[in-house]
Asks: 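Sharing a structure below in structure tokens format, with a few things to ask.
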Amino acid sequence: MVNGRDCALGGKRWWWWGGEVGACNGVIVVSGDSGVIATVSGGGNDDIGVMEVNGSSLNEKKVTVVFVLGGPGSGKGTQCANIVEHFGYTHLSAGDLLRAEIKSGSENGTMIQNMIKEGKIVPSEVTIKLLQRAMQENANDKFLIDGFPRNEENRAAFESVTGIVPEFVLFFDCSEEEMEKRLLGRNQGREDDNIATIRKRFNVYMESSLPVIQYYDSKGKVRKIDAVKPVEEVFEAVKAVFIPSHEKSVSSTTVNMVKNKGYEGLSTAANNWDLK
Ligand SMILES: Nc1ncnc2c1ncn2[C@@H]1O[C@H](COP(=O)(O)OP(=O)(O)OP(=O)(O)O)[C@@H](O)[C@H]1O
Ligand SMILES: Nc1ccn([C@H]2C[C@H](O)[C@@H](COP(=O)(O)O)O2)c(=O)n1
């Protein structure tokens with residue numbers, strides 16, 4: 001994967017990756033060995049592409065973003081629904097936005113569908129544009145972004161293009177055995193909930209997504225939740241993360257009770273590395 005780079009051209013800033021960037025007849029293009037490969041209006045892929053930095057009106061609105069990460073089937077969507085109800089966030093699932101894009105008959109639909117079937121990660125520019133649009137179109141200023149960033153390139157491109165750094169990262173830590181059982185029992189007609197694709201999704205998660213969680217952990221931003229427990233118990237731990245710290249210190253008894261529920265310092269069931 002080629003890391004993106006920032007440059008100024010035509011009075012604007014651009015985030016580009018792969019090839020060489022330049023302006024041609026007023027259009028920003030990235031060219032590779034076989035000529036022009038990507039332009040701002042499309043044509044990029046994971047290896048080569050270009051996006052405008054802060055090219056949306058998002059920077060006019062100050063938003064709070066919490067990334068919700070964890071393996072496939074760890075319960076991200078289930079808990080996001082609870083968080084929306086209790087804490088007034090808007091839930092944006094990257095997977096749902098991509099599936100809606102397929103249904104809408106967009107020009108990227110077939111490419112997205114094939115990548116999801118293979119358990120692969122869709123090029124960042126596609127997913128970031130969908131997330132940006134969803135945030136712009138929503139009047140709320142607090143967003144749970146579920147299932148994104150899925151790899152280092154997703155993360156770096158999102159932060160550069162939108163200028164948004166997450167408030168924190170909610171990480172659902174779940175064993176592969178439990179996730180597999182849940183996905184096979186989900187029964188929502190998802191094309192990727194079959195054993196062959198599930199295995200591919202687990203591999204991509206281990207290889208590409210865990211490093212993102214480790215990156216945010218090194219910045220002190222990860223709030224790890226033991227996601228193997230029943231839904232209600234998981235939500236108790238989630239609540240302890242979202243309740244503002246002044247409310248937590250209202251009574252030391254409450255704090256101790258919350259701690260006993262284990263919202264911090266849990267041993268990891270799914271991975272052989274430990275988060276703080
Ligand atoms: N704590 C839990 N215990 C048992 N089952 C759960 C729990 N949390 C969620 N489930 C069930 O597991 C399945 C997967 O949950 P969910 O869709 O929330 O996971 P997810 O992390 O969003 O998955 P994906 O990444 O594939 O979108 C659903 O059928 C859900 O009802
Ligand atoms: N940042 C993302 C998020 C999702 N996808 C694709 C690949 C996933 O397997 C699929 C389903 O996502 P889920 O609903 O399980 O979160 O969507 C992606 O490419 N990039």
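Atoms within each ligand, like the ligands themselves, are counted from 1 in listed order. Quick note: residue numbers are just sequence positions, from 1.
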Asks: Can you check whether G73 has an N/O within less than 3.5 Å of an N/O in ligand 1?
Replies: yes

Asks: Is S93 in polar range of ligand 2, meaning some N or O pair under 3.5 Å apart?
Replies: no

Asks: Tell me whether E159 at atom CD has more than 12 heavy atoms from other residues, nucleotides or ligands lying less than 6.0 Å away.
Replies: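 It does: E159 CD has more than 12 such atoms within range.
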
Asks: Regarding ligand 1, does R201 bring an N or O atom to under 3.5 Å of one of the ligand's N or O atoms?
Replies: yes

Asks: Would you please determine whether R190 falls within less than 4.0 Å of ligand 1 on a heavy-atom basis?
Replies: yes

Asks: Considering heavy atoms of the protein only, find what lies nearest to atom 10 (C) of ligand 2 and give residue, atom and distance to 0.1 Å.
Replies: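 Of every protein heavy atom, I116 CG1, 3.9 Å lies nearest to atom 10 (C) of ligand 2.
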
Asks: Can you list the ligand 1 atoms lying under 4.0 Å from a non-hydrogen atom of V231?
Replies: 1 (N), 2 (C), 7 (C), 8 (N)

Asks: Could you identify the single nearest non-hydrogen protein atom to atom 9 (O) of ligand 2 and state the distance to 0.1 Å?
Replies: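 Atom 9 (O) of ligand 2 sits closest to the protein heavy atom R150 NH2, 3.8 Å.
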
Asks: V122 versus ligand 2: do any nitrogen or oxygen atoms come within less than 3.5 Å of each other?
Replies: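 Yes: some nitrogen or oxygen of V122 is under 3.5 Å from one in ligand 2.
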
Asks: Report yes or no: does a heavy atom of R201 sit under 4.0 Å from some atom of ligand 2?
Replies: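 Yes, R201 has a heavy atom closer than 4.0 Å to ligand 2.
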
Asks: Just distances here: any N/O of E178 and N/O of ligand 1 closer than 3.5 Å?
Replies: no

Asks: Classify the contact between Q188 and ligand 1 as side chain, backbone, both or neither, using a heavy-atom distance cut-off of under 4.0 Å.
Replies: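 It is neither; nothing of Q188 touches ligand 1.
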
Asks: Under 3.5 Å, N or O to N or O, is N154 touching ligand 2 that way?
Replies: yes

Asks: Judging by distance only, is a nitrogen or oxygen of G147 under 3.5 angstrom from one on ligand 2?
Replies: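 Such a contact does occur with ligand 2.
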
Asks: Using non-hydrogen atoms of the residue, decide whether G70 is closer than 4.0 angstrom to ligand 1.
Replies: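 For ligand 1, residue contact (heavy atoms, under 4.0 Å) with G70 is absent.
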
Asks: Check this for me - ligand 1, G77, N or O atoms closer than 3.5 angstrom, yes or no?
Replies: yes

Asks: Quick one: look up the protein heavy atom nearest atom 14 (O) of ligand 2 and list residue, atom name and how far away it is.
Replies: R99 NH2, 2.9 Å

Asks: How about NZ on K142, more than 12 heavy atoms from neighbouring residues, nucleotides or ligands closer than 6.0 Å, or not?
Replies: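 More than 12 heavy atoms, drawn from other residues, nucleotides or ligands, come within 6.0 Å of this atom.
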
Asks: Have a look at D193 and tell me which of R201, R182, Q188 forms a side-chain hydrogen bond (donor to acceptor under 3.5 Å, both in side chains) with it.
Replies: R201

Asks: Please report whether ligand 2 has a polar contact with R190, defined as an N or O pair separated by less than 3.5 Å (distance criterion only).
Replies: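 The answer is yes, given that R190 and ligand 2 share an N or O pair closer than 3.5 Å.
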
Asks: Using side-chain heavy atoms (C-beta onward) and a distance below 4.5 Å, is K239 in contact with F87?
Replies: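 In short, these two side chains touch, coming nearer than 4.5 Å.
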
Asks: Please check whether G75 reaches ligand 1 - meaning an N/O of the residue sits under 3.5 Å from an N/O of the ligand, judged on distance alone.
Replies: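 Looking only at distances, the answer is yes, because the N/O contact criterion of under 3.5 Å is met.
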
Asks: Give the contacting part of Q79 toward ligand 1: side chain, backbone, both or neither, where contact means a heavy-atom distance below 4.0 Å.
Replies: neither

Asks: Note the single closest protein heavy atom to atom 18 (C) of ligand 2, along with its residue, its atom name and the distance in Å.
Replies: L98 CD1, 3.5 Å

Asks: Salt bridge or not between E167 and K221? Use side-chain N to carboxylate O under 4.0 Å.
Replies: no

Asks: Would D146 count as being in polar contact with ligand 2, using the rule that some N or O on each side must be under 3.5 angstrom apart?
Replies: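 No, D146 has no N/O under 3.5 Å of an N/O on ligand 2.
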
Asks: Are H91 and F143 an aromatic pair, judged by ring center distance below 6.0 Å?
Replies: no

Asks: Would N140 and T90 count as having a side-chain donor-acceptor pair, cut-off 3.5 Å?
Replies: yes

Asks: With respect to R150, determine whether any N or O atom, backbone or side chain, lies less than 3.5 Å from an N or O atom of ligand 1.
Replies: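 Between R150 and ligand 1 (N or O atoms, distance only) the closest approach is not under 3.5 Å.
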
Asks: How are the rings of F168 and F242 set relative to one another: parallel (under 30°), tilted (30 to 60°) or perpendicular (over 60°)?
Replies: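 Taking F242 first and then F168, their aromatic rings stand perpendicular (interplane angle over 60°).
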
Asks: Which ligand 1 atoms does L183 reach within 4.0 Å, using its non-hydrogen atoms?
Replies: 26 (O)

Asks: Can you tell which part of K120 has a heavy atom less than 4.0 Å from ligand 2: side chain, backbone, both or neither?
Replies: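 Near ligand 2, K120 shows its backbone, while the atoms from C-beta on stay back.
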
Asks: Identify, by atom number and element, the atoms of ligand 1 in contact range of T78, meaning under 4.0 Å from any of its heavy atoms.
Replies: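 Every atom of ligand 1 under 4.0 Å from some heavy atom of T78: 9 (C), 15 (O), 16 (P), 18 (O), 30 (C).
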
Asks: Does ligand 1 have a heavy atom under 4.0 Å from the side chain of P230, from its backbone, from both, or from neither?
Replies: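 It is the backbone that gets close, since no side chain atom is under 4.0 Å.
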
